[in-house]
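What you see is a predicted model; the values in this text were computed from it and never measured. We count residues from 1, following the sequence as given.
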Amino acid sequence: MDKNENPAPQNQSENLDKGFTVKEVASFLDETPNVIRNWFKELRDYIPHEKDSNGYNLYKKEGIERFKEIKKLHREQGWSMKQIESYFVT
């Protein structure tokens, strides 16, 4: 785990079943909720997610892993969203 990433809550296995909100994912990745929403807006087709009964996006393990990958490519390697999208397509 990157030193900038916050650990998941103690009841992680319980939350992995129900999913995490944008705010929770942002906290794990040390990003703002707006950044997570923007990444999702740009790369929606490549980020596994579900909608809850209220219409909110929820992200399980696969979605969180994809956000971690996006963060690494975008923040650490300087890739643009278009480059990341091309990477996910191939």
OH (Y46) and CZ (R66) are apart, to the nearest 0.5 Å, by 9.5 Å
Of all the heavy-atom pairs spanning K60 and G19, show the shortest one and how long it is.
CG-CA, 4.0 Å
For the pair R75 and E31, find out whether any cationic side-chain nitrogen is under 4.0 Å from an anionic carboxylate oxygen.
yes
Working to the nearest 0.5 angstrom, can you tell me the gap between L29 CG and W39 CH2?
6.5 Å
Does the distance from a Lys or Arg side-chain N to an Asp or Glu carboxylate O, for E69 and K72, drop under 4.0 Å?
no
The reported gap from CZ in F20 to CG in N57 (rounded to nearest 0.5 angstrom) is 15.0 Å
What pair of heavy atoms forms the shortest contact from P33 to A26, and how long is it?
N-CB, 3.6 Å
Separation of K71 NZ from E76 CD (nearest 0.5 Å):
7.5 Å
Got a sec, which residues hit side chain to side chain donor-acceptor pair (under 3.5 Å) with E42, two or more places apart in sequence or on another chain?
none
Taking the six-membered ring for Trp, are Y59 and F40 ring centroids under 6.0 Å apart?
yes
Residue pair L73 / Q83, side-chain heavy-atom distance below 4.5 Å
no
Are Y56 and T21 close enough that some pair of their side-chain heavy atoms sits under 4.5 Å apart?
no
Hey, are the side chains of E65 and K68 touching, using non-hydrogen atoms and a 4.5 Å cut-off?
yes
Could you tell me which non-hydrogen atom of R37 sits nearest to which non-hydrogen atom of N34, and how far apart they are?
NH1-OD1, 3.1 Å
Working to the nearest 0.5 angstrom, can you tell me the gap between H74 NE2 and I84 CD1?
6.5 Å
Indicate yes or no: at least one non-hydrogen side-chain atom of L58 is less than 4.5 angstrom from one of K51.
no
Quick one: do D45 and F88 satisfy side chain to side chain contact (heavy atoms under 4.5 Å, CB included)? Show the steps, please.
CA-CA 10 Å; D45 294 337; F88 288 151; over 6 Å; no
Enter the distance from T32:OG1 to K23:NZ here, rounded to the nearest 0.5 Å.
12.5 Å
